[in-house]
Amino acid sequence: MNTTPEPLPTRPAATVMLIRDVPGGVKTFLMRRHSKMEFAPGTMVFPGGGVDDRDRNADIAWAGPAPDWWAQRFGIETELAAALVCAAARETFEESGVLFAGPADDPDGIVRDASVYADARRALDDRTLSFADFLRRENLVLRSDLLRPWANWVTPEAERTRRYDTYFFVGALPEGQRADGENTESDRAGWSTPQAAIDDFEAGRCFLLPPTWTQLDSLTGRTVAEVLAVERQIVPVQPHLEIQGDNWIFEFFDSDRYHQAREKGGMGWRH
């Protein structure tokens, strides 16, 4: 008799790798999830979160590649693609204060100081305001051309807390804006070179799950221009997860390197 429980359903999610140029490559914005968070506590992550009802069927002011362009690149339906881009922009603003938007009457304009929308940011976070209504009220448009599609990772079937079908985006920090990490989900946030974050993981100073570690590895040594010029073939990745002793062991296309780095730092992912 098979007693293996049915896998939990996945929820679509969007996460954004914010990047900016520094000598020798880029820095990216990372946050450490509160230790009391139900899902992935204490891990370093990029800004992001699940798609919710505010992002679906949103009559959103839009500039840049249309939803069908995103759908083609991610290999998904157009409606979901639109919701994901909306969620990516909304979650990035909620969690880091960075806003991928511009004036509706200036197709080339980009918001340079997003801090003036602090009240709206709080309202978005407590779900009393939708992103579409915020943009409409402020006469702004979502600038999808400031983002690029990067990857798609699915939470392993063995995960019993919650599972996500996560779509990774990358976007350069708009000129004049700053990322602050003032949100309710993290207790630490800041800029790091991808290699420094990987080194911290290997030294046991932070914990990275495979999707984050893999994306950091993919950014290492590239400039913002080089990252934004990449046209990636996006294929869903769903690691296999099994228990060995007291630890979770992930298996995916680069899992040997990942586990070597994890073991250097003495980091386990205990169940």
Side-chain angles (χ1 to χ4, degrees), residues 15-37 39-49 91-92 95-98 148 150-153 155-156 164 166 168-173 178-183 185-230 232 237 239-241 244-271:
T15 190
V16 178
M17 301 184 294
L18 282 174
I19 56 173
R20 60 181 177 87
D21 275 320
V22 295
V26 297
K27 280 191 172 181
T28 188
F29 190 74
L30 289 165
M31 310 181 306
R32 186 175 66 184
R33 290 174 62 82
H34 277 301
S35 60
K36 294 182 180 179
M37 295 292 289
F39 184 80
T43 61
M44 301 299 291
V45 296
F46 305 108
E91 287 279 352
T92 302
E95 296 192 347
S96 74
V98 172
R148 300 288 189 279
W150 197 257
N152 175 207
W153 282 65
T155 307
Y164 290 100
T166 302
F168 285 78
F169 297 76
V170 65
L173 178 71
R178 61 180 293 270
D180 58 29
E182 295 173 6
N183 60 71
E185 296 188 358
S186 65
D187 60 12
R188 191 175 82 191
W191 293 91
S192 171
T193 65
Q195 189 59 55
I198 290 170
D199 291 345
D200 282 347
F201 175 52
E202 291 188 3
R205 292 188 292 265
C206 74
F207 193 79
L208 300 170
L209 286 170
T212 311
W213 177 85
T214 302
Q215 306 327 312
L216 289 169
D217 190 53
S218 72
L219 295 176
T220 300
R222 287 174 160 160
T223 65
V224 167
E226 288 169 345
V227 170
L228 297 183
V230 171
R232 286 167 66 92
V237 178
H240 176 69
L241 189 58
Q244 290 186 7
D246 289 330
N247 285 324
W248 291 114
I249 302 297
F250 298 91
E251 292 182 7
F252 61 101
F253 62 87
D254 210 5
S255 54
D256 287 347
R257 286 182 61 225
Y258 172 79
H259 287 300
Q260 286 172 5
R262 179 183 62 79
E263 288 162 6
K264 280 184 183 179
M267 303 292 285
W269 187 245
R270 294 181 179 276
H271 65 92

Backbone N or O of [Y] within a donor-acceptor pair of the [X] side chain at under 3.5 Å?
X      : Y      : result
Asp21  : Val224 : yes
Glu91  : Pro47  : no
Asn152 : Phe168 : no
Tyr164 : Gly49  : no
Thr28  : Leu18  : yes

| field | Donor + acceptor pair across side chains of Gln260, Asp256 (<3.5 Å) | value | no
Within the structure provided, determine whether [X] and [Y] are in side-chain contact (heavy-atom separation under 4.5 Å).
X      : Y      : result
Ser218 : Arg232 : yes
Trp213 : Arg262 : no
Arg20  : Val22  : yes
Thr212 : Phe46  : yes
Thr15  : Trp153 : no
Arg148 : Val230 : no
Val227 : Leu219 : yes

| task | Could you grab the distance from atom OG of Ser255 to atom NE2 of His240, nearest 0.5 Å is fine? | result | 10.5 Å
| query | Hey, what do you get for CD1 (Ile198) to CZ (Arg257), rounding to the nearest 0.5 Å? | reply | 7.0 Å
| request: Write down the atom of Val237, the atom of Pro239, and the distance for their closest heavy-atom approach. | output: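 Taking every non-hydrogen atom into account, O-CD, 3.8 Å.
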| request: Return the orientation label for the Phe250 and His259 ring planes: parallel under 30°, perpendicular over 60°, tilted otherwise. | output: parallel
| request: State yes or no: are the ring centers of Trp150 and Phe169 separated by less than 6.0 Å? | output: no
